[in-house]
Amino acid sequence: MGSTSAESRGPAGVGRRTMIRTTAALGLSVPALSFLTSCASSGGDSGDKAKTGTKTATNPLGVNDTATLEFVLFDGGFGTQYAEDAVAQYKKAFPKAEVKFSATQKIQSVLQPRFNQGTPPDLIDNSGAEQMDMGVLSSKNQLTDLTPLLDAPSYDDPKKKVRDTLRPGIVEMGQLDGAPVWIMYYAYTVYGVWYSQKALDALDSAYPETWDQMLAVCEKAKKKGIAGWTYAGKYPYYLPFSLYPMIGKVGGREVLDAIDNLEPNAWKHPAVKACFEAYYELYKKGYVLKGTPGLDHIQSQTAWAQGKALFIPNGSWVENESANVIPADFNLAVSAPTGIDSSDKMPFGTIWASGGEPFIVPSKAANALGGMEQLRIMLSEASSRNFTAKVKSLSAFNGGTDGITLTPGLKSGVAALEKAGANVLNPRLQDWYVKLQKEQIGVSGLGEMMAGRLTPVEAINKIQGYADAAAKDTSIKHYKHH
């Protein structure tokens with residue numbers, strides 16, 4: 001999702017990027033079962049907590065100015081520099097404090113043992129392929145409620161609370177269930193269909209708004225030796241980045257809500273069937289780049305950037321993650337998904353945009369207040385502007401683009417959000433049910449269908465079975481749209 005990309009790139013759904021959000025450099029999700037069982041008895045407070053410091057105008061959370069801060073970042077599509085710059089600001093504010101900063105793509109492998117031992121870091125970017133299951137973490141009392149951060153004065157304007165400086169939906173995404181806010185999604189990800197405007201212009205084509213138009217563009221490309229689509233075949237949970245908002249466009253947002261709620265037969269809605277059949281048609285007509293099922297996210301993005309395919313489903317981290325392979329004259333753009341036809345419930349422009357790059361403060365963190373203060377710094381206008389300038393993505397801070405020359409992809413993403421208006425969707429499977437989203441729906445369902453090993457009906461039945469099993473699984477926490 002940046003994550004949930006392989007991240008968020010959550011996910012996220014993630015991710016990014018893992019999720020989803022993964023969000024960024026995503027790999028195959030690691031099952032959370034061992035984490036669930038090992039965390040079951042490790043709730044409660046640590047005996048090694050840092051003492052609270054004195055609250056002041058510049059230290060409203062009362063951070064202990066000599067306490068060590070440990071910050072572990074997911075090393076994905078957004079890189080590490082934006083976080084290192086924010087760490088420098090923390091050091092400037094608390095010069096007596098030692099700050100231990102590190103980055104890894106193996107979040108669960110590296111940090112699960114430390115959660116088990118009761119010695120987790122103070123701040124974690126819980127993103128990528130090995131994103132720890134948020135539901136497991138919250139249900140086992142492993143997370144700190146971030147409400148004190150949200151109610152603290154914002155870094156730039158003490159008259160405004162932090163919560164009042166955030167983009168719509170960010171606070172709600174971090175709540176999971178009820179009032180506490182367990183997660184601070186730092187990036188703001190635009191999901192959709194990414195393409196080269198130059199490549200479309202060369203075909204004398206506009207971005208297709210109906211599926212008949214999509215097939216016509218793909219046929220035109222095929223005659224010139226260019227595939228219509230590619231995707232992260234090894235991690236096919238990237239496909240929902242365009243497929244889910246298409247389902248919402250065709251059938252209405254209530255169809256996605258029913259899917260998120262794990263309602264019986266939610267996957268058997270006619271809109272789901274129509275969209276699965278549309279994507280399957282890409283495979284049947286030979287419009288998917290040959291070999292795509294064997295490509296990971298980097299390989300598929302590279303092939304797409306090299307002009308071997310027109311379209312790729314992805315999140316806005318792709319501009320930064322693929323910066324070294326996207327040609328200077330590529331004219332990167334993103335669009336909301338193509339619909340079926342004029343009978344769709346929502347207008348063209350309906351898009352998926354939501355928080356990505358989920359940051360958490362463990363309940364057993366020795367310096368939880370320091371972790372929250374680091375986030376408060378990151379949610380300043382300067383840090384947000386730095387993030388956007390460096391990684392070509394919007395942040396959760398509602399602003400931070402003034403004075404920045406927007407890159408093509410970022411400019412296109414902002415335009416897509418403006419076109420969508422209120423028609424912004426936010427499917428929650430990738431952050432509510434990581435295993436279901438990535439391994440089952442993504443790999444075992446959509447991946448098999450797009451490789452031609454399942455028909456749309458077979459894929460739908462299989463996925464509905466996975467969703468029904470998740471709904472009946474008493475070992476996982478369940479969530480509902482309210």
Side-chain angles (χ1 to χ4, degrees), residues 1-4 7-9 11-12 15-17 21 23-24 58 60-61 71 73-74 77-90 92-93 123 125 127 146-175 181 183-190 315-317 319-320 353-361 371-407 409-411 413-414 416-418 424 426:
M1 19 195 138
S3 130
T4 122
E7 23 165 294
S8 84
R9 335 228 132 317
R16 310 119 316 2
R17 104 227 246 107
R21 337 327 35 194
T23 355
T58 56
L61 291 169
F71 178 0
L73 187 82
F74 169 65
F78 292 144
T80 64
Q81 190 58 53
Y82 79 93
E84 293 179 61
D85 292 343
V87 165
Q89 286 297 107
Y90 186 96
K92 185 177 178 181
L123 179 62
D125 175 14
S127 190
L146 300 179
T147 299
L149 163 66
L150 294 168
D151 288 338
S154 67
Y155 200 80
D156 302 300
D157 182 356
K159 295 178 183 177
K160 278 187 178 180
K161 293 180 179 181
V162 169
R163 68 169 69 243
D164 297 327
T165 68
L166 304 178
R167 294 184 187 277
I170 291 294
V171 172
E172 290 76 12
M173 277 195 72
Q175 286 179 310
V181 179
I183 309 159
M184 174 52 64
Y185 287 89
Y186 187 65
Y188 195 72
T189 301
V190 176
S316 46
W317 62 79
E319 184 168 25
N320 193 57
S354 64
E357 225 57 35
F359 283 75
I360 56 174
V361 175
M372 284 193 269
E373 177 64 17
Q374 180 68 84
L375 282 173
R376 194 174 78 95
I377 291 169
M378 291 169 67
L379 291 167
S380 68
E381 184 170 4
S383 285
S384 177
R385 188 184 298 114
N386 184 55
F387 174 78
T388 298
K390 281 194 164 66
V391 311
K392 309 176 184 70
S393 175
L394 299 173
S395 81
F397 177 80
N398 197 2
T401 58
D402 292 345
I404 298 174
T405 301
L406 298 180
T407 54
L410 187 54
K411 186 176 181 181
V414 170
L417 287 173
E418 290 175 353
V424 175
N426 185 8

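If you read the sequence from its start, that first residue is 1, and numbering goes on from there. Reckoned from all heavy atoms, side chains included, excluding hydrogens, waters and symmetry mates.
Of the inter-residue distances, the one linking S393 atom OG with E357 atom CD reads 8.5 Å to the nearest 0.5 angstrom. For the atom pair CZ of R167 and OH of Y188, the computed distance is 7.0 Å after rounding to the nearest 0.5 Å. To the nearest 0.5 Å, atom CD1 of residue I170 and atom OH of residue Y185 are 9.0 Å apart. Of the inter-residue distances, the one linking Q175 atom CD with I183 atom CD1 reads 10.5 Å to the nearest 0.5 angstrom. Rounding to the nearest 0.5 Å places OG of S354 at 4.5 Å from CE of M173.
At least one side-chain heavy atom of L394 sits less than 4.5 Å from a side-chain heavy atom of L417. Taking 4.5 Å as the limit, every side-chain heavy atom of L73 sits out of range of all side-chain heavy atoms of E84. Proximity of W317 to V391: side-chain heavy atoms (C-beta onward) are nowhere separated by under 4.5 Å.
The shortest heavy-atom contact between T58 and P60 is C-CD, 3.4 Å. When all heavy atoms of V361 and G371 are compared, the closest pair comes out as CG2-C, 4.1 Å.
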Going by atom type alone, with no hydrogens or angles, which donor-acceptor pairs under 3.5 Å involve a side-chain atom of residues 372-379 and a protein atom two or more places apart or on another chain?
| unit_1 | atom_1 | unit_2 | atom_2 | d |
| --- | --- | --- | --- | --- |
| E373 | OE1 | R376 | NE | 2.9 |
| E373 | OE2 | R376 | NE | 3.4 |
| E373 | OE2 | R376 | NH2 | 3.2 |
| Q374 | NE2 | A86 | O | 3.1 |
| R376 | NH1 | P153 | O | 3.0 |

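Side-chain atoms of S316 come within 3.5 Å of backbone N or O of V190 as a donor-acceptor pair.
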(request) Could you walk me through whether L166 and M184 pass side-chain contact (heavy atoms from CB on, under 4.5 Å), step by step? (result) CA-CA 10 Å; L166 304 178; M184 174 52 64; 4.0 Å; yes
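By the side-chain hydrogen bond (donor to acceptor under 3.5 Å, both in side chains) test, T405 is found to be paired with no residue, residues two or more places apart in sequence or in another chain being considered. Evaluation of the side-chain hydrogen bond (donor to acceptor under 3.5 Å, both in side chains) rule for T388 yields no partner, not counting sequence neighbours. Among residues two or more places apart in sequence or in another chain, the salt bridge (Lys or Arg N to Asp or Glu O under 4.0 Å) test is passed with R385 by E381. Here K390 pairs with D85, N386 under the side-chain hydrogen bond (donor to acceptor under 3.5 Å, both in side chains) rule; sequence neighbours left out. The side-chain hydrogen bond (donor to acceptor under 3.5 Å, both in side chains) check on T401 picks up nothing, with sequence neighbours excluded.
When only modelled atom types and interatomic distance are considered, E319 and T407 share a side-chain donor-acceptor pair under 3.5 Å.
Sequence neighbours left out, the pairs with a member in residues 375-394 that pass ring-ring contact (aromatic ring centres under 6.0 Å, His included) are F78-F387, Y82-F387, Y186-F387. Residue pairs meeting the side chain to side chain donor-acceptor pair (under 3.5 Å) criterion with at least one partner in residues 154-163, sequence neighbours excluded, are D151-R163.
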